[in-house]
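Computed from a predicted model, the values in this text were never measured in an experiment.
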Amino acid sequence: MSSEYAKQLGAKLRAIRTQQGLSLHGVEEKSQGRWKAVVVGSYERGDRAVTVQRLAELADFYGVPVQELLPGSTPGGAAEPPPKLVLDLERLAHVPSEKAGPLQRYAATIQSQRGDYNGKVLSIRQDDLRTLAVIYDQSPSVLTEQLISWGVLDADARRAVQHEEA
């Protein structure tokens with residue numbers, strides 16, 4: 001692996017980690033020691049080569065597709081990646097359960113699987129939105145509008161759904 005490529009890969013790793021509000025020590029704590037801060041830091045600086053297996057495991061830990069970590073992998077060659085789908089869990093708690101019950105249970109399941117209990121926000125994938133759309137018997141774009149109207153998703157989520165449907 002060239003040192004320039006390693007640095008670009010490291011920059012992507014750092015960007016994902018910081019987007020999730022994690023310090024290097026936060027990664028170590030959240031992973032219960034599976035990911036050592038010094039090792040992740042050396043990957044991010046490009047000082048240490050990461051195997052494909054470890055990169056896949058790190059992508060899984062961060063909850064992102066592996067290709068998001070690879071340099072030069074902007075979706076569809078777009079200059080600006082689509083916005084992330086981030087649920088506002090604090091607002092979701094105030095939506096009546098007869099409306100939001102399925103979403104609340106789905107979010108709780110994701111939190112449990114990730115061990116992510118910050119309780120404020122939760123990033124979800126396009127696949128999660130498609131699954132939720134099936135649960136709610138709506139198209140992803142209609143469900144997105146509903147979640148925006150509840151204040152659970154930011155209006156920028158429309159662009160993510162439009163990008164996916166394009």
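Between V86 and D154, every side-chain heavy-atom pair lies at or beyond the 4.5 Å cut-off. Between Y5 and L70 there is a side-chain heavy-atom pair separated by less than 4.5 Å. For the pair L122/R114, a side-chain contact is recorded, criterion being any heavy-atom separation below 4.5 Å from C-beta on. Between Q20 and S123, the closest side-chain pair of non-hydrogen atoms is not below 4.5 Å. For the pair E44/V40, a side-chain contact is recorded, criterion being any heavy-atom separation below 4.5 Å from C-beta on. For the pair L89 and V121, the minimum side-chain heavy-atom distance is 4.5 Å or more. Counting heavy atoms from C-beta on, the side chains of V50 and L58 never come closer than 4.5 Å. At least one side-chain heavy atom of V27 sits less than 4.5 Å from a side-chain heavy atom of Y62.
Atoms CD and CG, on Q146 and L103 in that order, are 9.5 Å from each other to the nearest 0.5 Å. Separation of atoms OG1 (T131) and CZ (R125) is listed at 10.5 Å; rounding is to 0.5 Å. A distance of 7.5 Å separates CD1 of I124 from CG of L147, quoted to the nearest 0.5 Å. Here the CH2 atom belonging to W150 is positioned 13.5 Å from the CG atom belonging to D88, to the nearest 0.5 angstrom. Put simply, CD on Q138 and CD on E145 are 11.0 Å apart, with the number rounded to the nearest 0.5 Å. Annotation: the span from L85 atom CG to D128 atom CG amounts to 8.5 Å, rounded to 0.5 Å.
E4 and K7 are not joined by a salt bridge, as no carboxylate oxygen comes within less than 4.0 angstrom of a charged side-chain nitrogen. Between K12 and E68, no side-chain nitrogen of the basic residue sits less than 4.0 Å from a carboxylate oxygen of the acidic one, so the salt-bridge criterion is not met.
T18 places no side-chain N or O within donor-acceptor distance of the main-chain N or O of G21, the cut-off being under 3.5 Å. S97 contributes no side-chain N or O that, together with a main-chain N or O of A100, makes up a donor-acceptor pair within less than 3.5 Å.
The shortest non-hydrogen separation linking S139 to A133 is C-CB, 3.9 Å. The heavy-atom pair separating Y136 from P102 by the smallest distance is OH-CD, 3.6 Å. Taking both residues in full, the closest heavy atoms of A157 and L153 are given as CB-CD1, 3.9 Å, listed atom of the first, atom of the second, then distance. Scanning both residues, L69 and A59, for their nearest heavy atoms gives CD1-CB, 3.5 Å. Shown here for R48 and V39, the closest heavy-atom pair between the two residues is NH1-CG2, 3.3 Å.
Classification of the F61-W35 ring pair by plane angle, with boundaries at 30° and 60°, yields tilted.
Heavy atoms from other residues, nucleotides or ligands lying under 6.0 Å from CZ of R91 number 12 at most.
By the criterion of side-chain heavy atoms lying less than 4.5 angstrom apart, applied directly or through intervening Ile, Leu, Val, Met, Phe, Trp or Tyr residues, V142 is not grouped with V134; the two fall into different hydrophobic clusters.
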#### Entry: Residue pair L13, L55: steps toward the side-chain contact (heavy atoms from CB on, under 4.5 Å) verdict
CA-CA 9 Å; L13 288 170; L55 187 63; 4.2 Å; yes

### Message
If you apply the rule salt bridge (Lys or Arg N to Asp or Glu O under 4.0 Å), what do you find for R34 with E28, and how did you get there?
### Response
CA-CA 7 Å; R34 175 166 163 62; E28 189 166 339; over 6 Å; no

